[in-house]
K.L.:
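Quick one: the structure is below, questions incoming.
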Amino acid sequence: MKTVRLSVPAGEVNLPLCVRTGQVFRWYEIQGLWAGMANDALLIVNPEGNRWSLSAVGGEPIPLFTHLFRMEVDLKSVQVQLIRRDSRWEQWVRALPGLRLMRWTSATECLFSFLCTPANNLPRITGMIERLCERYGTPIAEWGGRQWHAFPTVERLAQAEEADLRALGFGYRARTLIEVARALQAREPNWLESLAELPYWDAKQALMTLPGVGAKVADCVLLFGLNHNLAVPVDTHMWQAMQKWVLPELRGKSLTERTYRQIVDWFHERFGEWTGWAHQYLFTAHLLESQRKGE
DNA sequence: CTTAGACCTGTATAC
DNA sequence: ATAAGCAGGTCTAAA
């Protein structure tokens with residue numbers, strides 16, 4: 001495992017903020033370093049100063065890091081765009097320096113991971129995914145006193161027993177995971193990845209034909225796994241933030257297909273291609289506020 | 001088109 | 001002990 005160095009200008013990326021706010025689920029702080037699995041690759045980062053050291057198993061450190069954190073995107077210019085399009089975003093940009101939109105290396109891993117999230121919470125989600133990888137994933141590396149496993153293949157998940165997954169704490173999501181794995185096997189080999197080439201609404205409609213994939217999970221997979229920057233995952237945090245801070249006319253209403261679409265349309269009109277980034281700042285702002293209140 | 005209830009389970013707040 | 005304008009929802013049934 002070789003280690004390389006990379007110049008990271010101050011303020012370009014806040015790694016803990018990016019990896020602990022529910023965009024990805026397999027990152028851990030170990031002995032002052034940050035280690036994360038991306039499908040079948042392990043990336044270890046020492047985010048110190050402006051010369052970070054990166055190591056990887058199963059991939060090249062710099063391309064992997066650049067892909068996951070979209071380092072080809074200039075964060076400053078994103079922030080300027082968001083504030084120019086809606087000045088309310090300035091408070092969230094200021095409050096969340098270095099927050100970036102993440103990009104998964106595997107749409108499949110992204111899909112199965114977000115299938116674990118409905119009516120759930122972050123600590124339980126990360127635990128479920130970790131046990132899933134230990135049970136069904138190939139060992140990739142031993143580092144930091146623990147084994148690191150690849151995310152399970154679709155073939156392996158399609159063969160899983162519902163009782164096994166329930167024993168791992170998946171609850172009613174156990175059946176959905178298996179059903180989706182089998183549904184994917186029944187389609188064209190690269191069906192999921194091919195959705196990246198479709199227009200946003202077409203790709204979303206196609207994803208929602210899978211069991212357990214509603215509007216919110218579909219938007220997560222589109223945004224984080226399939227490069228659709230027009231996707232807006234509207235979960236409880238986004239819904240509350242929109243009502244409180246952005247669209248007061250939503251107060252007193254409930255989140256339905258109609259109000260969901262109203263929010264997506266509003267983002268498209270206001271932010272265009274910056275929609276996904278705008279969503280991420282608003283979502284994270286509300287998530288962190290709700291976590292502070294809980295303490 | 002809207003709303004209620006069911007669905008697994010861990011955690012935190014309120015009696 | 002016990003419920004929850006729970007917690008990064010989805011699906012079905014019923015008005």
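Naming convention: chains lettered A, B, ... in sequence-line order (proteins, then strands); numbering from 1 in each chain.
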K.L.:
Taking only the side-chain nitrogens and oxygens of A:Arg124, find out if one of them lies under 4.0 Å from OP1 or OP2 of B:dT11.
P.N.:
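No, because none of the side-chain N or O atoms of A:Arg124 sits under 4.0 Å from OP1 or OP2 of B:dT11.
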
K.L.:
Kindly say if A:Ser254 contacts the phosphate of B:dT3, meaning a side-chain N or O under 4.0 Å from OP1 or OP2.
P.N.:
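For B:dT3, OP1/OP2 do have a side-chain N/O of A:Ser254 under 4.0 Å.
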
K.L.:
Atom CZ of A:Phe114 and atom C1' of C:dA7: how far apart are they, to the nearest Å?
P.N.:
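These atoms are roughly 15 Å apart.
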
K.L.:
Is NZ or CZ of A:Arg20 both nearer than 6.0 Å to the six-membered ring centre of A:Tyr28 and within 45° of the ring axis?
P.N.:
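No, A:Arg20 does not lie over the aromatic ring of A:Tyr28.
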
K.L.:
Verify side-chain contact (heavy atoms from CB on, under 4.5 Å) between A:Val232 and A:Trp266, making sure each step is shown before the conclusion.
P.N.:
CA-CA 10 Å; A:Val232 185; A:Trp266 183 85; over 6 Å; no

K.L.:
Produce a footprint string for nucleotides 10-15 of chain C: one letter per nucleotide, 5' end first; B if the base is under 4.0 Å from any protein heavy atom, S if only the sugar-phosphate is, - if neither.
P.N.:
SS----

K.L.:
With a 3.5 Å distance limit and no angle check, can you tell me whether A:Ser87 reaches the backbone of A:Ile83 through a side-chain donor-acceptor pair?
P.N.:
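It does not hold such a pair.
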
K.L.:
Any donor-acceptor pair under 3.5 Å between the side chain of A:Arg173 and the base of B:dC8?
P.N.:
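Checked by distance alone, the answer is yes.
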
K.L.:
Could you tell me how far apart A:Lys253 (NZ) and B:dC1 (P) are, to the nearest whole angstrom?
P.N.:
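Taking NZ of A:Lys253 and P of B:dC1, I get 15 Å after rounding.
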
K.L.:
Can you give the dot-bracket line for DNA chain B, where a pair is Watson-Crick or G-U wobble with both atom distances under 3.5 Å, crossing pairs use [ ], and | marks a partner on another strand?
P.N.:
.||||||.|||....

K.L.:
Using whole Å, report how far CD of A:Glu257 lies from C1' of B:dT3.
P.N.:
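From A:Glu257 CD to B:dT3 C1': 14 Å.
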
K.L.:
Tell me which nucleotide among B:dT3, B:dC8, B:dG10 gets nearest to the side chain of A:Asn121.
P.N.:
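The answer is B:dG10, which lies nearest to the side chain.
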
K.L.:
Run the ring-centre check on A:Phe151 versus A:Tyr136 and record whether the distance is less than 6.0 Å.
P.N.:
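No, the ring centres sit 6.0 Å or more apart.
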
K.L.:
Heavy atoms under 4.0 Å, any strand shown: does A:Ile125 hit a base, just sugar-phosphate, or nothing?
P.N.:
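Nothing, no heavy atom under 4.0 Å.
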
K.L.:
Taking the side chain from A:His228 and the backbone from A:Leu223, do they hold a donor-acceptor pair closer than 3.5 Å?
P.N.:
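Side chain of A:His228 to backbone of A:Leu223: no pair is present.
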
K.L.:
If I take atom CH2 in residue A:Trp239 and atom C1' in nucleotide C:dC6, what distance separates them, rounded to the nearest angstrom?
P.N.:
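So the two atoms are 18 Å apart, to the nearest Å.
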
K.L.:
Against the six-membered ring of A:Trp92, is A:Arg88 placed for a cation-pi contact (under 6.0 Å from the centre, within 45° of the normal)?
P.N.:
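No, A:Arg88 and A:Trp92 do not form such a contact.
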
K.L.:
Would you kindly compare A:Thr259 and A:Glu162 by the position of their nearest DNA chain B nucleotide and give the one closer to the 5′ end?
P.N.:
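Looking at DNA chain B, the more 5' nearest nucleotide goes with A:Thr259.
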
K.L.:
Once you round it to whole Å, what is the distance between P of B:dC7 and CG of A:Leu115?
P.N.:
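These atoms are roughly 20 Å apart.
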
